[in-house]
Every structure is written in structure tokens, then in C-alpha cells.
Amino acid sequence: MNENLFTLFSTPMVLGQPATIPIILFPMLLIPTSKYLIKNRLTTIQQNLTQLTLKQMMTTHNTKGQTWSLMLMSLIIFITMTNLLGLLPYSFTPTTQLSMNLAMAIPLWAGTVIMGLRFKTKNSLAHLLPQGTPTLLIPMLVVIETISLLIQPVALAVRLTANITAGHLLMHLIGNTALALSTVNSSATLLIFTLLMLLTILEIAVALIQAYVFTLLTSLYLHNNT
């Protein structure tokens, strides 16, 4: 049977209907919450990690930038949970879809740019022309800086999509190789299975790092415009 490597990235269907939206909303159900004054260990660890990450990202922001703290924390938790759930067998990873990542990146980027044009108009426009630029190069540099500004959300989305997709494809290929060699050479199968376990650990780290990088770059765009 010829198997398409990109089958695992296709949109799952349930009763002929796309199941993407329930899958995207599912990670929210896994985040523990407590309505009691005395919290359990899991909720305490969650709050400590949230406070540590929030402090790391909000250190350089002013008052206007700190109003984005809830949105940025929700973003990093959502991407982290989605990436980690995508490593489970027979699962679907929404962050492998470029359309979804663009849907997250473009509104966040546009919000930071609009905020910069509203509150720091001169500074935002000054970024399009470095200080000390020769007169002849001014039109060219303005065009280049404008293009680089417009590419920022695309770079955010493509970076997340490429890293998650590449890891899943590599795990898929190594898993198929281990399965094919299981009836041929047990030593080679054990070696490849060990490699697969190490790659799984690496992918867990990549899932966490990419969520942090996506949110951190959004935070940096916000810092440049507030």
C-alpha cells in the first residue's frame, strides 16, 4: 500500500464534517482550574510556571504593553497544549496548518502595528528609515523596510508550521522504518526504536520552544510599538 506522507496533516473528518474546531478547543478542557482557596499541587505548579513566563516576557514592557499579558499567556498555553497533544498517536496537530498559524499571527501583528501607529506614530514611521541613510538610498530602504514589516506575520506562521511539520514527518518516517525492520533485523529495530524515543524527547522540547518563540516574537513586536 502506498502511503502518502502528508496524510497525517490532512483535516480529520467525523461523519463527513471537519473536526478541526473541536480539536482546537479540546486543549482548553485539559487546563486544570480550582474554585477552592486551598489549591492542589498541579494548580500551584501551573500558576508558578505562568507567573515565571509572564515575568520573563513583561519585564521590558511599559503599561500599555502589559495590558497584553493575558492574551500572550493564553497564546503560549494554547500553542503548547496543541503541540504536545499532536505528539500523541492517531492525533491531529492544528499548528501544522499554515492557515491556522497565519490566522493567529496576522491579527496579533496587526494589533501591534496599529497600536504603534496610534500611540507612537513618529517612532513607528522612523523605523522605516534608519538614521544616517544616504539620500539616494532613501526610497529603496523605505520599500525594503516596509516589505520586511509586512513579512513579519508570515515569518511567524511559517516558522511554527515548518518546525512542527518537519518533526512529525521525521518521526513518521523513522516509525515506519522501525516497523518494516521488525521482522528482518531485531538489532537494527532496537537501534531505530531508541532513535525514535530520543527524537520524541526532542520533539517535546521543540513543541515547548516553538510556543515560547512564537509568543516571544509577538511580545517583541509589541515592545517595538508601545
Side-chain angles (χ1 to χ4, degrees), residues 1-14 18-31 49 53 56-57 72-106 108-109 151-221:
M1 180 179 64
N2 295 327
E3 184 179 5
N4 187 354
L5 290 177
F6 295 93
T7 302
L8 68 159
F9 302 116
S10 59
T11 304
M13 306 292 290
V14 177
T20 306
I21 294 179
I23 293 174
I24 293 175
L25 297 177
F26 180 70
M28 301 179 186
L29 302 177
L30 302 180
I31 301 175
L49 290 176
T53 306
Q56 180 71 22
M57 288 192 299
L72 293 177
M73 285 309 305
S74 301
L75 178 67
I76 190 172
I77 292 174
F78 171 73
I79 297 178
T80 300
M81 296 294 293
T82 304
N83 291 345
L84 291 177
L85 286 176
L87 296 175
L88 297 177
Y90 301 102
S91 61
F92 172 72
T93 313
T95 47
T96 57
Q97 307 296 313
L98 182 60
S99 57
M100 175 181 168
N101 295 334
L102 284 174
M104 290 191 297
I106 292 178
L108 292 171
W109 167 83
I151 287 177
Q152 286 179 353
V154 180
L156 270 180
V158 170
R159 181 185 293 107
L160 179 59
T161 304
N163 281 279
I164 301 301
T165 303
H168 282 58
L169 280 177
L170 189 56
M171 292 178 64
H172 183 65
L173 291 173
I174 293 178
N176 286 344
T177 303
L179 183 62
L181 292 177
S182 60
T183 57
V184 179
N185 191 329
S186 58
S187 300
T189 303
L190 181 61
L191 179 61
I192 294 177
F193 184 76
T194 304
L195 178 62
L196 182 60
M197 291 298 101
L198 294 176
L199 181 61
T200 302
I201 297 174
L202 177 62
E203 281 304 305
I204 294 175
V206 169
L208 299 174
I209 292 172
Q210 288 305 314
Y212 180 73
V213 168
F214 189 97
T215 310
L216 181 62
L217 289 177
T218 305
S219 177
L220 290 177
Y221 298 156

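Nothing here was measured: the structure is a model prediction, and the numbers come from that model.
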_To check you understand the geometry: which heavy-atom pair defines the closest contact between Thr189 and Ala178, and what is its length?_
CG2-O, 3.7 Å
*Please tell me if the side chains of Thr218 and Met104 come closer than 4.5 Å, counting only heavy atoms from C-beta onward.*
no
*Compare all side-chain heavy atoms of Leu156 with those of Asn101 and state whether any distance is below 4.5 angstrom.*
no
*Between NE2 of His172 and OG1 of Thr177, what distance do you get to the nearest 0.5 Å?*
9.5 Å
*asked:* For Gly175 versus Leu196, what's the shortest heavy-atom pair and its separation?
replied: CA-CD2, 4.2 Å
_Testing the basics here: between Ala207 and Asn83, what is the closest heavy-atom pair and its distance to 0.1 Å?_
O-ND2, 3.2 Å
_Minimum heavy-atom distance Glu203-Gly167, with the two atoms named_ = OE2-CA, 3.2 Å
_Distance check, rounded to the nearest 0.5 Å: Ile164 atom CD1 versus Leu169 atom CG?_
11.5 Å
*asked:* Please find the pair of heavy atoms, one from Ala157 and one from Leu102, that lie closest to each other, and give the distance.
replied: CB-CD2, 3.5 Å
*Keeping the roles fixed (side chain from His168, backbone from Thr93), state whether a donor-acceptor pair exists under 3.5 Å.*
no
*Hey, what do you get for CD1 (Ile192) to CG (Asn176), rounding to the nearest 0.5 Å?*
11.0 Å
*Dump the intermediate steps for side chain to side chain contact (heavy atoms under 4.5 Å, CB included) on Leu202 and Leu199, then the final yes or no.*
CA-CA 5 Å; Leu202 177 62; Leu199 181 61; 4.1 Å; yes
*Determine, step by step, whether Leu87 and Met171 satisfy the side chain to side chain contact (heavy atoms under 4.5 Å, CB included) criterion, reporting the C-alpha distance in whole Å, the side-chain angles of both residues, the deciding distance to 0.1 Å, and the verdict.*
CA-CA 10 Å; Leu87 296 175; Met171 292 178 64; 4.2 Å; yes
*Checking side chain to side chain contact (heavy atoms under 4.5 Å, CB included) for the pair Thr95/Phe214: CA distance, chi angles, key distance, verdict?*
CA-CA 11 Å; Thr95 47; Phe214 189 97; over 6 Å; no
*Out of curiosity, Trp109 CH2 to Leu217 CG, how far, rounded to the nearest 0.5 Å?*
14.5 Å
*Any idea which heavy atoms bring Thr161 and Thr96 closest together, and the distance?*
CG2-O, 3.4 Å
*So how far is it from Thr53 OG1 to Leu216 CG, rounded to the nearest 0.5 Å?*
11.0 Å
*asked:* Run Gln210 and Ile79 through side chain to side chain contact (heavy atoms under 4.5 Å, CB included) and show every step you take.
replied: CA-CA 8 Å; Gln210 288 305 314; Ile79 297 178; 6.0 Å; no
_Backbone N/O of Thr215 and side chain of Ser219: donor-acceptor pair under 3.5 Å_ = no
_Within the structure provided, determine whether Leu108 and Leu75 are in side-chain contact (heavy-atom separation under 4.5 Å)._
yes
*Between atom OG1 of Thr200 and atom CG of Leu195, what is the distance when rounded to the nearest 0.5 Å?*
9.0 Å
